[in-house]
Amino acid sequence: MRVMATIYKKRIKVEFPYDPMMVSAIKEVPGSKFTGRDKGGPFWTVPLDFDSAKMLRNVFGEHLRISKGLKEWGWKIVKEREALNQIIGADDVELEKLPLHAPEMAEGLRPFQRVGVKFGATSSHPLIGDQPGLGKTREAIGAVLEAGLTDGPYLVIAPKSSLRTVWEDHLVNVLDRNDEVLVATGSRSKRLETLDLAAEMIENGVPVWVIINPEMVRQRAPKSEVSRGEAEPNSPAYPLLHDTHWQAVIIDEVHRGAVRNPQTQTAKSLYKIKADKRIALSGTPVKNRPIDIWGTLHWLNPDVFSSKWRWAEQYLHIKNNGFGSVFCSGRTDSGSKCQRCEGGIRNDAIEAFHEHLKPYLLRRTKAEVYPDLPPKEYVDVWCDMTPKQKKLYDEFAKRAEAVIGDETVSATNVLAELTRLKQFANSLQDVHYLGDEEAGETLFKLVPIVDESGKVEVLEELLDERGILEGNPGEKVVIFSQFKEFVNAIYTWLEGMQIPALRITGDVKDRDRDEAVRAFQEDELPAVMLMTTTAGGVSITLDRADSVIFLDETWSPADMEQAEDRVHRVSRIHNVTVYTLRSRGTVDEYINQIVRDKKSIHNFVMRDREAIRLR
């Protein structure tokens with residue numbers, strides 16, 4: 001019996017005379033669908049995917065006939081997979097198009113980053129899942145240009161805290177082209193102004209990168225606009241996002257949930273965005289269970305990954321817990337290792353699962369690329385304060401400006417004002433006046449409110465990227481602040497999310513301090529150590545960590561170097577990424593200037609007071 005296979009609407013159409021055995025055979029192909037006479041049938045379709053094509057050959061054998069178009073598509077996929085296998089196994093590759101369009105950027109890439117760029121450009125649906133700190137942002141930008149997508153427009157969807165600190169910074173300072181970079185932030189009217197400007201540039205053929213957060217994709221037009229007839233019910237608040245055909249769309253931190261559940265409004269809106277190429281980035285592409293990656297794959301290639309359960313049935317261990325079918329976590333109810341799977345992947349499907357992901361996923365760890373990495377890598381992260389935090393900061397900045405402007409005031413008093421502003425730059429503060437405020441007694445105590453902190457928002461993303469918030473840490477982290485109250489507040493914040501953490505401040509007894517260090521070094525959990533810069537600066541080894549996060553900068557670079565060297569020890573040769581969080585438009589900028597210029601604090605404060613801008 002003859003079976004004919006052709007390409008049909010991004011799927012493979014399979015036609016054959018009715019036969020129960022043939023029907024049974026095609027049902028073995030995941031994603032198979034029947035089209036009846038009322039819709040132009042009868043025929044069957046399966047996903048236009050290399051694995052589906054191979055299964056058709058397996059189930060129909062010599063009966064299968066393949067159209068010329070399908071053969072050409074098949075050979076193209078074969079060549080792409082062969083190229084990807086060579087790229088994945090290479091230590092370095094040669095880039096062809098990126099050096100022509102962004103030569104300085106191409107020159108600055110490390111060998112393993114060139115491999116990431118080439119993979120992102122060659123794969124039709126790439127998920128770059130490198131460990132945090134390896135340069136996924138740079139790889140994604142390079143992949144777009146290496147793929148020949150050099151005209152724009154481009155859309156980047158990233159967490160709110162990284163819109164400027166990561167993406168705008170890379171596109172403005174690293175990408176040596178004359179592309180326009182627009183970040184849609186602020187009030188709705190400001191975001192609309194930004195997108196209107198983007199629309200104008202797109203119409204004029206200007207290569208433009210538009211950077212937004214995921215919430216903008218799902219937002220609907222206000223009722224007031226609908227009532228005035230300016231928008232249809234349920235129409236998007238920002239129609240440009242869906243009306244434009246983008247050359248490339250990049251979703252950063254895709255594991256955070258933007259597409260994990262296709263039924264959410266955000267996911268549904270993301271699927272509607274039209275693009276020549278989709279690129280997903282994640283430091284933890286599989287956060288807890290293998291099934292977590294399906295949402296990303298579905299966004300990258302919805303025609304192939306159309307059914308979550310059919311995909312899961314091919315590779316994952318699905319069991320019944322008495323209430324219905326669930327995905328196995330790799331552990332039995334008693335906590336012992338499951339004998340039927342490895343982390344949720346069936347024992348008989350492990351090799352097939354990893355082979356299946358090869359065309360989509362590139363994942364490297366720091367250990368794998370260690371020879372090419374410096375001992376320490378420094379990352380400056382500029383944070384935006386929350387509206388409440390900024391309002392109170394500005395109030396106290398006015399007060400500090402008056403104090404600093406008084407020529408009779410001492411350097412000690414000026415430094416005290418600047419130090420208080422550093423606390424407001426860290427988070428909103430609950431101000432407890434210790435005297436009679438109306439009588440002019442201005443002594444007060446500051447209690448940090450971490451729920452209103454731009455820095456804590458960024459910290460949450462850094463911890464989430466490492467799997468710590470999900471209880472499945474990929475690495476350990478040491479977090480420093482010079483303020484004991486801020487350390488304690490973050491400890492309580494983590495405790496409220498049931499995230500175990502350790503803490504060392506000047507109040508911790510030597511015995512408890514030693515036990516905290518031992519637990520961090522020897523036990524799998526906790527994965528977070530919180531410390532004040534002074535208490536943790538000496539006589540401690542914390543080399544189980546791979547990341548150091550400074551929530552605030554000290555006046556002396558030596559103090560911070562002492563602290564970061566608790567992690568980067570000779571006892572264990574490993575790479576350490578050092579993050580320093582600073583708030584925009586605050587005293588943090590001037591502390592950074594002191595550190596960068598290595599000025600004397602006293603001279604900076606007393607001689608250059610008129611040059612100090614606190615806001």
Side-chain angles (χ1 to χ4, degrees), residues 12 29-31 46-58 73-93 95 111-131 134 136 139-140 142-143 146-147 250-251 254-255 259 277-287 289-308 310-316 341-365 367-369 474:
I12 301 176
V29 182
V46 300
L48 184 59
D49 173 65
F50 193 67
D51 293 338
S52 298
K54 285 199 303 184
M55 289 196 71
L56 284 178
R57 174 64 71 187
N58 291 337
W73 171 87
W75 280 114
K76 177 184 174 184
I77 297 300
V78 167
K79 290 180 180 178
E80 179 184 310
R81 291 201 168 191
E82 288 176 349
L84 286 172
N85 285 334
Q86 290 180 354
I87 292 168
I88 293 170
D91 295 326
D92 196 357
V93 295
L95 302 178
F112 73 88
Q113 291 175 330
R114 286 194 286 272
V115 171
V117 168
K118 196 69 172 180
F119 176 88
T122 305
S123 173
S124 301
H125 313 91
L127 165 56
I128 301 177
D130 286 344
Q131 193 175 21
L134 294 185
K136 292 186 295 294
E139 291 172 359
E146 180 66 16
I250 301 171
I251 298 185
V254 70
H255 67 276
V259 296
K277 190 176 187 68
R278 294 178 174 184
I279 300 176
L281 306 180
S282 173
T284 51
V286 181
K287 294 191 67 173
R289 307 167 302 163
I291 193 62
D292 292 339
I293 200 174
W294 184 86
T296 300
L297 297 172
H298 181 62
W299 176 75
L300 288 170
N301 195 350
D303 294 319
V304 172
F305 299 95
S306 56
S307 171
K308 181 177 183 178
R310 284 180 177 173
W311 179 80
E313 287 169 352
Q314 295 178 74
Y315 306 106
L316 307 186
C341 69
E342 186 67 43
I345 306 170
R346 290 199 325 270
N347 292 333
D348 64 343
I350 292 176
E351 185 176 345
F353 178 78
H354 291 295
E355 193 66 27
H356 173 67
L357 291 184
K358 262 190 178 182
Y360 301 94
L361 174 63
L362 179 68
R363 168 73 172 174
R364 281 90 53 85
T365 64
E368 291 171 337
V369 296

Working for side-chain contact (heavy atoms from CB on, under 4.5 Å), residues L48 and D303: CA-CA 7 Å; L48 184 59; D303 294 319; 5.9 Å; no
Between W311 and H356: side-chain donor-acceptor atoms closer than 3.5 Å: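 Yes.
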Between [X] and [Y], what is the shortest heavy-atom contact and its length?
X    : Y    : result
G116 : I128 : O-CD1, 4.1 Å
V254 : S282 : CG1-CB, 3.8 Å
F112 : L134 : CE1-O, 3.3 Å
P290 : L316 : CB-CD2, 3.7 Å
A312 : I291 : CB-CD1, 4.0 Å
A53  : I12  : CB-CD1, 4.3 Å

Selection residues 346-358 - residue pairs positive for salt bridge (charged side-chain N to carboxylate O under 4.0 Å, His left out), sequence neighbours left out: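 Qualifying pairs, neighbours excluded: R346-D348, E355-K358.
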Pairs involving residues 73-82, ordered by first then second residue, that meet salt bridge (charged side-chain N to carboxylate O under 4.0 Å, His left out) (sequence neighbours left out):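 Output for this query lists D51-R81.
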Using 0.5 Å steps for rounding, measure from the [atom1] atom of [X] to the [atom2] atom of [Y].
X    : Y    : atom1 : atom2 : value
K277 : L300 : NZ    : CG    : 9.5 Å
I293 : L127 : CD1   : CG    : 5.5 Å
I279 : I250 : CD1   : CD1   : 5.0 Å
F305 : H125 : CZ    : NE2   : 9.0 Å
L297 : D292 : CG    : CG    : 11.0 Å
L281 : I251 : CG    : CD1   : 9.5 Å

Is the backbone of [Y] close enough, under 3.5 Å, to the side chain of [X] for a donor and an acceptor to pair up by distance?
X    : Y    : result
K118 : I88  : no
R114 : L95  : no
K136 : D130 : yes
S123 : F119 : no
Q86  : A83  : no
R363 : G129 : yes
R364 : Q131 : no

Check against side-chain contact (heavy atoms from CB on, under 4.5 Å), L56 and V29: CA-CA 7 Å; L56 284 178; V29 182; 4.1 Å; yes
Distance flag, aromatic centroids of H354 and Y360, threshold under 6.0 Å: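 When the ring centroids of Y360 and H354 are compared, they turn out to be at least 6.0 Å apart.
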Mutual orientation of the aromatic rings belonging to W294 and H298 [parallel < 30°, tilted 30-60°, perpendicular > 60°]: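 Rings of W294 and H298: parallel, as their planes differ by under 30°.
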Any L362 side-chain heavy atom under 4.5 Å of P126 side chain: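 Sidechains of P126 and L362: no contact.
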Non-hydrogen side-chain atoms of P30 and M55 separated by less than 4.5 Å: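 They are in contact (side-chain heavy atoms under 4.5 Å apart), so the answer is yes.
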Verdict with reasoning, N347 to E342, per side-chain contact (heavy atoms from CB on, under 4.5 Å): CA-CA 6 Å; N347 292 333; E342 186 67 43; 4.3 Å; yes
